[in-house]
Protein chains: 2
Amino acid sequence: MSAESKQTGRSNTDLRKLNLSYVLSQVHYANSTTRSEITKATGLNRSTVLTLLDSLEKRGLVIQGSKSDHSDIGRPSMSVNASQSVVSFAVLPRLNELNLGVVGFDGSIITQARLPLKTGTTPETASSMAAEWIENIRKTLPAETLISGVGVAAAGAIKTLSGEIRLAPSLGWSETAFKELLSEKIQLPVAIDNDAGLWCSAEQKFGVGRGHQHMLLLIGVNGGLGGGAVVNGQLVRGQDGYAGEFGHMRISDKTQKDYSGIPGTLEAMVRREDIIKTLGAGSISDAQLFELVESSKSKKLEAVLNEQTKYLGRAIGVLLNAFNPEILVLAGFLELFVNFRKEQLIREISSQSLPFAAENLIIVRGTRGNDLLMVGTAELGFEGLIRNPLKYPLTQA
Amino acid sequence: MSAESKQTGRSNTDLRKLNLSYVLSQVHYANSTTRSEITKATGLNRSTVLTLLDSLEKRGLVIQGSKSDHSDIGRPSMSVNASQSVVSFAVLPRLNELNLGVVGFDGSIITQARLPLKTGTTPETASSMAAEWIENIRKTLPAETLISGVGVAAAGAIKTLSGEIRLAPSLGWSETAFKELLSEKIQLPVAIDNDAGLWCSAEQKFGVGRGHQHMLLLIGVNGGLGGGAVVNGQLVRGQDGYAGEFGHMRISDKTQKDYSGIPGTLEAMVRREDIIKTLGAGSISDAQLFELVESSKSKKLEAVLNEQTKYLGRAIGVLLNAFNPEILVLAGFLELFVNFRKEQLIREISSQSLPFAAENLIIVRGTRGNDLLMVGTAELGFEGLIRNPLKYPLTQA
DNA sequence: ATGAGTTTGTTGTTTATTACAACAAACTCA
DNA sequence: TGAGTTTGTTGTAATAAACAACAAACTCAT
C-alpha cells in the first residue's frame, strides 16, 4: 500500500536526516553494536557510515569504542554504543504511588523512585511532585548529561496528540491537560500515552516481541484489562489515541459490567478479583497468585478458570480475525492462562475464529516486572531525538 | 513510533526513487493536477519537480499538457495527467461470474467484461478464462500501451504474500496457488487480495474515505460480511493477509452460526437473508431492498431490524475500541442501517463502547456500484509501479 | 492597448550527500 | 613472519536537490 501517508518530497538534507535517524535507532535498540554491523544493516558505504557516526558522536549521542572484543578474521570493527549521558525521564502516576525514573539512551535505568500518592491527589499536585523530583535529580546529573524529553504513562483514555488525560478511573482524574501541566513546569518536551499501549510497544522493541511487525498484547491487572496492537511495526493509536482498548470489547450477552460500566465485555468476564475471591485470598502479587492456583485443587476455581478461559479465548479470537498478528503477548495476571490453561485457550481460540488467522500464532507471557514499562515510557522522551538526531532540542541538565 | 519498520540506509538514488514515487502517486490519486500544485505539495524546488516530471514523462507514465485552464494571476502552470496508456488488469472471480477489466493509470475503466462462471468451476479453468481474455484484450490495445500488472480480488482467506487462496467458500475453492496459476499463463506480475480489504483501500484512496488515515469498512452481501481497516494510511493485512475478517468476530453467546460455522458472530447475527425472508422477497438488489424496507410497515421487520442494529452496534463498538478510526464506512446491504437506523445505531454504539473512541466518528455509506472495487483491484497492479516508477518491469502490450 | 505585477518554465551553477577507489591499519591463521 | 582478510580513513567522483537569474505567460488597472 503506497497511499500517501504523510510523506512529502525529500531533499538532500532530509536524506541525511533519514540515515542519521536510522543509524541512531539501530544503536539505540541494539544498545551495543559495531560500525561494520551498521554498515551491513544499512547497506550504506563504509565511508558514509563513518560520517554519520562521527556527527552523532560529535553531538554526544553515541560513543565509538576503540575496539570491540571479537575473534573474527580481519581488522576488528569499532564498537558503537548509545550514550548513557543522554537521558529521558519517565513519569508513571498510579493508584497509590507516583513512579519516577531516569532512563539512559542505552536503555539502562539510572535512578528511580516511588513517591506515595494519596487517593484524591489532583493532577496539579501530582505534576508538581513529578516536576520537583525531576528538577532535583537534574541537579545531581553529571554536567555533560543531555535531556531528551519526558514520557508519561497513565491507565485510561489519553488523547495523545494534545496530551490530555480524558479519563483515568484508577487515579480519579478526568479532562486534564496533563502534558501542558507538566511541560510548563519543567520546560522540557513531554509526551503522554496509555500505559498498556506503551507496554505493548516496549515488548515489541525490547521484550518478547522483538523483530515482530504485527503483535497484540493483553494485560490484566486488578482494576482493569488493557491492550495494545502493533501493525506494520507501529503502535496503533487511532485518530486520537484511544485505540487498543481491548478490555471494553463486548463479547457476550451477559449483563455483568466492567469497570467502565459496559456489560458483557472482556474486562467484565475475565477478572482477577473473581479468581482471588474464589481462592479466598486477599491482596497478593501475581507471583503469589500463580503459586496458589498451581497448588489449588478447588473445583470451584476450576470452574471459574474454565469460564474465564472461554471468554478470553473468544476475545482473542475476535482480535486475531481483526489483526492476524504474528505474536500474542499475555501480561499481568493473564499470564496465568499461558501457564495453566494454554491448551484450553488454544482450543477456545480455534473454535471461535477462522483457523487461518491463528495458524502461525505465537502465544507468550509478557516480560515480568515494571522495568520494561519504565523503559517504554521513557521511550516517549526519546522519540523526537531519534526522528531528528541533530536538530531536536536537547537540553543540558 | 519510530521502530525500525523495514527502512534501511538511503542513497542518493533512493532519494530520487522516493521523490519520483511520491510525485507519481500524487498524479495518480489526483488524476489531473498541475506542476505548481505538485511543487507546493512536495515542498521541492520548481526545478527539481521539472526534472522529476520530465523523467516520468519520458517513461510514458505522465502527460504534461501545454496549459491548464485557470484564471489565476501569473503564468499558468502546466497540467499534469496520469497516462491512460499505462494500464492494469483486474480479475474478480465471483459466485456466478468472472468479472474482468482494464483500468487506466488515470483511474478510468477502459474495458470490462462479465463472463459467466458455472458453479464448480475450478481455479485452473477460471484462471485460463481470465488469461485468455487478457491476451485477447492485449491485442486490441494501442501499440504504445504499457501494462503495469494484474490484480485479483476474491472473497475469502487470501495469503497475500504467496498469493494463495486458502479458502473461498462462495467459489468453492481452497488451498489454491491462484497467483502462480495466473501469472505463469500471462507472464505479468500478479497480486491478489481479499475483496473487502481492497474495497476498504479503494474507499480510502478514491471514495468516501479520501484523506483519512484511520478508517474502517464493513460490507455485507448475501453470502457474508467482510471488512477492512486502514491504520496510519495503510491497509491492515496482518502476518499473512487474513486481517479484517470482522464478519467472524464473536460478539454474542447465541448459537446461530455464520457461513463459516462459528456461532454468535456478527455475520451470524446480521444477515441480509433474514431481512429478505421477513419481507417475503426473493432475489433482489440492494436498491430494491432499501425501497421495500422504506415502504414497509411490518412490525416483524421492525423487530428484525432492531435486533440486527443492536448487534451491528455492538460489533462496531468493539471495533471502535480497537481501532479508534476517524471514519466508518458501511457498504453493501449494511447501508440500510445508515439510511434507516442511524440514530439507533449510534445509541447502541455509545452504550457499548468507551465514549471517547466514538466522539469524532463519521459514519457514512459506501460508494455505490462495483466500479470502485474494480479500480481498487487494478490498484494492486499499479503498486509496484508507484513504488519504483523507473525500474518496475512494465510490459509492452 | 499597454505596462506593472505576478507566477511559472527553464537553464546554468552551487551545495549537500553518498559512492567509489586506494591505501593504511589491525587482526587471524598457517 | 607473512599471506589473507576485514575495517578505518582519506581524497575524489557521481548524483541529486537547491538556488539564482532570466524569460515566458498570464491578470489587472489605467
Side-chain angles (χ1 to χ4, degrees), chain A residues 7-24 26 32-59 62-80 388-391, chain B residues 7-24 26 32-59 62-80 388-391:
Chain A
Q7 69 183 140
T8 174
R10 300 269 159 78
S11 70
N12 276 323
T13 325
D14 296 328
L15 178 62
R16 161 134 302 189
K17 202 197 292 181
L18 281 174
N19 283 337
L20 281 169
S21 168
Y22 184 56
V23 168
L24 188 61
Q26 287 278 313
S32 183
T33 178
T34 64
R35 277 238 281 253
S36 82
E37 271 179 50
I38 293 174
T39 307
K40 270 175 221 146
T42 55
L44 297 171
N45 189 279
R46 270 211 311 277
S47 60
T48 308
V49 174
L50 167 79
T51 325
L52 293 169
L53 282 172
D54 276 359
S55 72
L56 290 174
E57 188 170 42
K58 205 167 288 171
R59 253 242 141 171
V62 306
I63 296 162
Q64 300 188 74
S66 49
K67 51 181 76 182
S68 60
D69 50 334
H70 79 137
S71 56
D72 274 342
I73 206 168
R75 178 172 176 173
S77 190
M78 290 173 78
S79 71
V80 181
N388 192 354
L390 298 188
K391 293 281 173 58
Chain B
Q7 70 182 140
T8 175
R10 299 269 160 79
S11 70
N12 274 323
T13 324
D14 296 327
L15 178 62
R16 161 130 308 185
K17 202 198 290 182
L18 280 176
N19 284 336
L20 282 169
S21 167
Y22 183 56
V23 168
L24 189 60
Q26 286 278 314
S32 184
T33 178
T34 63
R35 278 238 280 254
S36 82
E37 271 179 51
I38 293 173
T39 307
K40 269 175 221 146
T42 55
L44 297 170
N45 189 280
R46 269 210 312 277
S47 59
T48 309
V49 173
L50 167 78
T51 324
L52 294 169
L53 282 172
D54 275 359
S55 72
L56 290 175
E57 186 170 44
K58 206 168 287 170
R59 253 240 143 173
V62 306
I63 297 163
Q64 301 189 72
S66 48
K67 49 182 78 183
S68 62
D69 49 335
H70 80 139
S71 56
D72 274 342
I73 206 169
R75 177 172 176 174
S77 189
M78 289 173 79
S79 71
V80 181
N388 192 353
L390 299 188
K391 292 281 173 55

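Residue numbers begin at 1 in each chain, while the letters A, B, ... track the order of the sequences. As the structure is a computational prediction, the values presented were derived from the model and not from experiment.
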Look at the side-chain N and O atoms of B/Ser77 and state whether any lies under 4.0 Å from the OP1 or OP2 oxygen of C/dT8.
-> no
Mind checking which stems touch DNA chain C? I mean at least 3 consecutive Watson-Crick or G-U pairs, both distances under 3.5 Å.
-> C:1-30 with D:1-30
Quick one: which of A/Leu50, A/Leu20, A/Val62 gives a side chain to side chain contact (heavy atoms under 4.5 Å, CB included) with A/Ser55?
-> A/Leu20
Going through the checks in order, is the side-chain contact (heavy atoms from CB on, under 4.5 Å) test met by A/Leu24 and A/Leu52?
-> CA-CA 9 Å; A/Leu24 188 61; A/Leu52 293 169; over 6 Å; no
Taking only the side-chain nitrogens and oxygens of B/Arg75, find out if one of them lies under 4.0 Å from OP1 or OP2 of D/dC22.
-> no
For B/Leu390 and D/dT15, give me the distance from atom CG to atom P, rounded to whole Å.
-> 14 Å
For A/Asp54, enumerate each residue passing the side-chain hydrogen bond (donor to acceptor under 3.5 Å, both in side chains) test, keeping only those at least two apart in sequence or located in another chain.
-> A/Gln64
Can you check side-chain contact (heavy atoms from CB on, under 4.5 Å) on B/Lys17 and B/Asn388, steps first, answer last?
-> CA-CA 6 Å; B/Lys17 202 198 290 182; B/Asn388 192 353; 3.6 Å; yes
Any idea which of D/dT6, C/dT10, D/dT7 is nearest the B/Leu50 side chain?
-> C/dT10
Would you mind telling me which of A/Leu56, A/Thr33, A/Val23 makes a side chain to side chain contact (heavy atoms under 4.5 Å, CB included) with A/Val80?
-> A/Thr33
Where do A/Ser36 and A/Ser77 come nearest, in terms of heavy atoms and distance?
-> N-OG, 2.9 Å
Produce a footprint string for nucleotides 14-22 of chain C: one letter per nucleotide, 5' end first; B if the base is under 4.0 Å from any protein heavy atom, S if only the sugar-phosphate is, - if neither.
-> --BBSBB-B
Whole angstrom value for the distance that separates C1' of D/dA16 from CG of B/Leu18 | 13 Å
B/Asp72 CG to D/dA25 C1': how many Å, rounded?
-> 13 Å
Do any N or O atoms from the side chain of A/Thr8 and from the backbone of B/Thr42 form a donor-acceptor pair under 3.5 angstrom?
-> yes
Can you find a pair of side-chain heavy atoms, one from A/Arg10 and one from A/Leu15, that are under 4.5 Å apart?
-> no
Distance in angstrom units between A/Ile73 CD1 and D/dA3 C1', rounded | 10 Å
